[in-house]
Amino acid sequence: MKDFKGEVAKKLFDLNIGLELEEIMLAVEIPTDSKMGDYAFPCFKLAKALRKAPPIIAAELAEKLVGDSLFLKVENVNAYVNFFIDKKVLLQEVLSETLSKKENFGKSDLGQGKKVLVEFSSPNIMKPFHIGHIRTTVIGNSVYKIMAALGYDTVRINHLGDYGTQFGKMIVAFRKWGSREVVEKSPIKEMNTLYVKFHEEVETDPSLDDEARAVFKALEDGSPEEFALWKWFRDESLKEFERVYEMLDIEFDSYAGESFYSDKMPAALETMISKGILKDSEGAKVVDLEEYNLGTALIQKKDGSTLYSTRDVAAAIYRKETYDFYKNLYIVGSQQNLHFAQWKKIVELMGYEWANDCVHIPFGMVALSEGTMSTRKGRVVYLEDVLNGAVEKTKEIILEKKVNTEAIDQSAKEIGIGAVIFQELSNNMIKDYVFDWNKVLNFEGETGPYVQYTHARACSVLRNADMALTADVDYSFLTGDSAYELTKLIYAYPAVVIEAGEKYEPSIITRHIVDVAQGFNRFYHDEHILVENEAEKKAKILLVYAAKTTIANGLALLGIHAPEKM
RNA sequence: GUUUCCGUAGCUCAGCAGGAUAGAGCGACCGCCUCCUAAGCGGUAGGUCGGAGGUUCGACUCCUCUCGGGAACACCA
């Protein structure tokens, strides 16, 4: 597809205005008001060198470019040169491209031959999946899809929280108060109950904590009884998580969690020692990072057992050796900013120059209106309940509207769960937010169902058109405002995917497909599509197809289905 | 206390590596289904972009300070 901005920049560059092509590229912008043109070039920066007032420069440049075949019109307004691309050229470029690329429209091969690891979801396997876990899970899945669309080789890693002192606690609690039957019946619920019980009991009996630490040490040292129990807890929990992942349609390539790295830590510790960064402190081993303003990182406890920082270091090394990654991404909450900063610095101090290819992608917290979520205090909203709630609500709406009721279960699932995912991926991920049922169950406006509805609407038009698609149409039928604006939004889509990939920010795509949906609905409202005139109809359904395809492709990158009917 | 993130309309948020009169959605009010799906479309009301300085031809955007809120800060993950 033609790079119109690039072409504009090149034309300006050829006029020898004293700026490098790159500088011009950065300066060329899209006017706030489309009545000002498709692209604009502000001339303020040229004033000094040319010793002329910016508006005069703009006028002169505009005059030189008038008549160029790429443009319908070039004019100056104050200090700006405004470019109006020949609408038919742009329409043809964009619409023929979408028709030939189809589901590949927006994909590229930027990342060809490069491997990107995406670590996400990574639940603690004894704790229920609550609404707080949805972020890493859904964002991670989308980041993975975006990277894959950009041509990178991807590996999805679920770094399960399946190790640590907590398992010592779990084993102690299970031996004291638990039973196999209850755990098997409802694993996570029971484990959580036992875990909570442990914390209650430890209030009156602090020795339980020491006991738990000792048990974890035994586990880490390879004691068979502890290992068997631990393995069993892990297997039972995983079964439950699989259920949620299936609802969300999410898969992983690796479930190598913390435990996987237990035997890889001694080597990492050795390297730290040989680099002289590991120090003794109060009986424990630490890396002093004060000079980098990162405090002190605890690497090994005084009883010799390890912490998750240690495991993360060992994991990074293992991943570099195994995958030789180009980027190693961690979709983990912003609460862990310090931990990741320390960890990265340690990897760097260990002499690994690839430390900079490890990127922590933080996101904000989810809270409830009553306060931060706390499983122990019963202040928690389970993810499964949210998903089921959204599906139920969708069913009610479908029954109320009496549309497409034959496939109600499938539709309700796609729309309800899509609504939850979409909501999650709507905002900049760094922002904290408060979970609100009303918001999740609102299906109007900038929501997943709105975008899906628009897609279904477009599909319906195409069905009713009953006409083969071709790019060989008379584009002059599509020069109306709403048709042209919609086309420009479609044109921007591939660049939006690239930007989302560079910034690891799925919401950029979410926002854009909302814009495309709005653009389509406006066009749908302003113009009658299935008109008598065959030539006009042929052109219009091509645009409908392009909009539909863009929306579907965008939704796919978010991990959301695009129903053909709803 | 230190570090860090956030602070834009009543509410939830966009705002492209500073640029032309700050944009959506929800909520409120008013319109639009004899016409391709009204989960839709249009209109009205609503903002000194937390505050103060600074850099710049130009600042919501960059810098400094400040106020408010969240988070992290050694034997948990």
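Every chain is numbered from 1 and lettered A, B, ... according to where its sequence line falls, protein lines coming before strand lines. Bear in mind the structure is a predicted one, so any value in this text is a computation, not a measurement. Only heavy atoms go into these numbers, but all of them, side chains included; no hydrogens, no water, no symmetry mates.
- When heavy atoms are screened at a 4.0 angstrom cut-off, Ser281(A) is found touching base atoms of the nucleic acid.
- Base contact: Asn82(A) has a heavy atom under 4.0 Å from a base atom.
- Shown for residues 489-503 of chain A: residues whose heavy atoms fall under 4.0 angstrom of RNA chain B, namely Lys503(A).
- Glycosidic conformation of C11(B) is anti; the angle lies outside 90° of 0.
- Within 4.0 Å (heavy atoms only), Leu289(A) reaches no atom of the nucleic acid at all.
- Residue Ser482(A) comes nearest to Glu527(A) through the heavy atom pair OG-OE2, 4.1 Å, listed as atom of the first residue, atom of the second, then distance.
- Residues Cys459(A) and Gln518(A) each lie close to RNA chain B; by heavy-atom proximity, the contact nearer the 5' end of the strand is made by Gln518(A).
- The residue Asn521(A) sits close only to the backbone: its heavy atoms come under 4.0 Å of sugar-phosphate atoms, none of a base.
- Lys48(A) comes within contact range of the sugar-phosphate backbone alone, with a heavy-atom separation under 4.0 Å but no base atom that close.
- Residue contacts for Ile430(A): at a heavy-atom cut-off of 4.0 Å it reaches the sugar-phosphate backbone alone, with no base atom in range.
- Using a 3.5 Å distance cut-off with no hydrogens or angles, the side chains of Tyr433(A) and Gln423(A) do not pair a donor with an acceptor.
- For Arg213(A), counting side-chain heavy atoms from C-beta on, the closest listed nucleotide (C36(B), A17(B), C76(B)) is C76(B).
- Atom P of G54(B) sits at a distance of 27 Å from the matching atom of G47(B), rounded to the whole Å.
- If you check every strand for non-hydrogen atoms under 4.0 Å, Pro362(A) touches nothing.
- Minimum atom distance to the side chain of Lys302(A) is reached by C75(B), of the listed C41(B), C75(B), A39(B).
- When the nucleotides G7(B), A38(B), A74(B) are ranked by their closest atom to the side chain of Val286(A), A74(B) comes out on top.
- Residue contacts shown for Gly164(A) are limited to sugar-phosphate atoms, with no base heavy atom under 4.0 Å away.
- For A17(B) and A9(B), the P atoms lie 23 Å apart once the distance is rounded to whole Å.
- At a threshold of 4.0 angstrom between heavy atoms, the contacts of Asn78(A) with the nucleic acid are absent.
- Nucleic acid contact for Gln423(A): none, since no nucleic acid atom lies under 4.0 Å from a heavy atom of the residue.
- Among the atoms of the strands shown, only primed sugar atoms or phosphate atoms (P, OP1, OP2) are found under 4.0 Å from some heavy atom of Glu258(A).
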